[in-house]
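Remarks on the structure that follows.
In what follows, chains are A, B, ... by sequence order, proteins preceding strands, each numbered from 1.
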Number of protein chains: 2
Amino acid sequence: MKLAAHESDCGDCPIRHNAVCARCDSDELDTLERIKFYRTFKSGETICWAGDEMSFVGSVVRGAASISQTMEDGRKQMVGLLLSSDFIGRPGRETSPYDTVAVSEVVLCCFRRKPFEQLMQRTPHIGQRLLDMTLDELDAAREWMLILGRKTAREKIASLFAILARREAAMDLGTFEGTIIIDLPLTREAMADYLGLTLETVSRQISALKRDKVIVLDGKRRIEVPDMELLQRETGDDIDGGVIA
Amino acid sequence: MKLAAHESDCGDCPIRHNAVCARCDSDELDTLERIKFYRTFKSGETICWAGDEMSFVGSVVRGAASISQTMEDGRKQMVGLLLSSDFIGRPGRETSPYDTVAVSEVVLCCFRRKPFEQLMQRTPHIGQRLLDMTLDELDAAREWMLILGRKTAREKIASLFAILARREAAMDLGTFEGTIIIDLPLTREAMADYLGLTLETVSRQISALKRDKVIVLDGKRRIEVPDMELLQRETGDDIDGGVIA
DNA sequence: CGGGCGATTGACGTTCCTCAAGCCCCGTGG
DNA sequence: CCACGGGGCTTGAGGAACGTCAATCGCCCG
């Protein structure tokens, strides 16, 4: 996918109202517009290695990226999944302690870190929005901790699908006659890293959910959810909207 | 423990330079001083139930509190551990999706939520500090996710002790001739909820670490770490400072 | 002394991991 | 055209780690 010309105009940006710039007025947007630049990463490409200096921060315009930690012996845990409108990088810190990797083709809207930090001082709207987004990410991390610490393998898989379904639904597309369709941005291995499982267990549980007609597979990477409530019950969460009510 | 009179003066506050007010100048501090009030919770007392309205936000002055989620069938996961200077509550949200419980006697420095939110609009220093603290909490949550998702029971226990030791060391006290002393604010059950284990497994692994001379027990709740590096090795993390370098 | 709570320890069972074989799909090269 | 190879995925057999259930202990406090 190439970058369409109009994507350089913030007014037409698909994540205009969800990203870190959401609360900016048109003056502030102009300022951002002047210092932003786009970068594209191919699937599998590393956006930032753990320990490296982060020269820029930015928003995910399209695609998905993972944040993960690896232990010396190779055990790996994904600790963040960045989808469109999510923010990459941390103002006020030079290096990231995590690997950030594109799990599909990713388009970023970037700002060099230093100018962005200065701009934040002068533009409270950015800092406020970033605080809200960070608090949301913290909530997501906490939901994730419950998944990692207490759920069974089957519940973990169901929870992952439910989270992705919610995000796809929020971004508008993906429902058809009550059936929700999820295009998995993740390989089985990436799902395992997300959920604290092995890829074999992921595979087995997906097969089990298919056998029990909770999901329907269309190829390896497309999943149909005919009955969202049924999937929701498999997550082990409360029925009534659940965690973040 | 009763509240000493001088604790009502922000200038003498033990968490003055670490809490949400850390960056405030003396004018801003005066404003905060006028609307703050103290509350004390006994060990085991609930500070806020999941779903209840949070009428206030505030800082932990002394003691420890846990944030946790419970599933319908009783499975429980701690998703946050609040120690002195940590912030409780979320500006801009009326209810908390988590239970917040005092795990030891807790003293809070509180602000009613609405006035605090208004103050935040006018006082960028507060929002900036809160953003930094939230980003730190997010980092801690991510470290925790690695623990929950990928570490063995033994590594989990060692990691918990290492985290507590680091925090005790940062708050100054607790070292004596190279031996670090940790006063556990947590019961075995609370540790289990923290680490995604059962209390029996926690108990067995603590016994094992004791048997292997990584730790020395002084009663049930006080732990001595004669060799911090040895403990660090048991966590499974990189030796060189590790995750958040 | 008795009761209760927290903690420890043991025996046994379940879940998930490990190791291994083989499948499906697709692109490459003979 | 088909053989080949590789990556991603599936499936099976066996084993290790942790959970479950239960008995017991120590300590504090009434």
Exercise. Charged N to carboxylate O below 4.0 Å: is that the case for A:D99 and A:K76?
Worked result: no

Problem set entry | Listed partners of A:E234 passing salt bridge (charged side-chain N to carboxylate O under 4.0 Å, His left out), at least two apart | A:R154

For this session: Please work out whether the ring planes of A:Y194 and A:W144 are parallel, tilted or perpendicular, with thresholds of 30° and 60°.
Result: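 A:Y194 vs A:W144 ring planes: parallel.
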
Exercise. To the nearest 0.5 Å, how far apart are CD1 in A:I88 and CZ in A:F56?
Worked result: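 Rounded to the nearest 0.5 Å, the CD1-CZ separation comes to 7.0 Å.
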
For this session: Would you give the length of the straight line joining atom CZ of A:R75 to atom OG1 of A:T70, rounded to the nearest 0.5 angstrom?
Result: 11.5 Å

Expected output: side-chain [X] to main-chain [Y] donor-acceptor under 3.5 Å:
{"X": "A:S96", "Y": "A:Y98", "result": "yes"}
{"X": "A:S203", "Y": "A:L199", "result": "no"}
{"X": "A:R142", "Y": "B:A141", "result": "no"}

Problem set entry | First of A:T152 and A:K220 reached from the 5' end of DNA chain C, by closest nucleotide |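 Nearer the 5' end of the strand: A:T152.
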
Exercise. Partners of A:R188 by side-chain hydrogen bond (donor to acceptor under 3.5 Å, both in side chains), sequence neighbours excluded?
Worked result: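 A:R188 satisfies side-chain hydrogen bond (donor to acceptor under 3.5 Å, both in side chains) with no other residue.
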
For this session: Assign B:R75 to base, sugar-phosphate, or nothing according to its heavy-atom contacts below 4.0 angstrom with the strands shown.
Result: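 No contact.
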
For this session: Give A:R221 one of three labels, base, sugar-phosphate or nothing, depending on what nucleic acid heavy atoms sit under 4.0 Å from its own.
Result: sugar-phosphate

Exercise. For DNA chain D, which nucleotides open and close the run of contacts to chain A, 5' to 3', at under 4.0 angstrom from a non-hydrogen atom?
Worked result: D:dC9 to D:dA13

For this session: Residues of residues 201-213 of chain B with any non-hydrogen atom less than 4.0 angstrom from an atom of DNA chain C: list those, numerically ordered, please.
Result: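 Heavy-atom cutoff 4.0 Å gives B:S203, B:R204, B:S207.
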
Pairs of donor and acceptor atoms involving the side chains of residues 217-225 of chain A, under 3.5 Å and at least two apart or interchain, shall be tabulated with distances.
residue : atom : partner : partner atom : Å
A:R222  : NE   : A:D183  : OD1          : 2.9
A:R222  : NH2  : A:D183  : OD1          : 3.2
A:R222  : NH2  : A:D183  : OD2          : 3.1

Problem set entry | Neighbours of DNA chain D within residues 186-200 of chain A, by heavy-atom distance under 4.0 Å |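 Close to the strand are A:T187, A:R188, A:L199, A:E200.
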
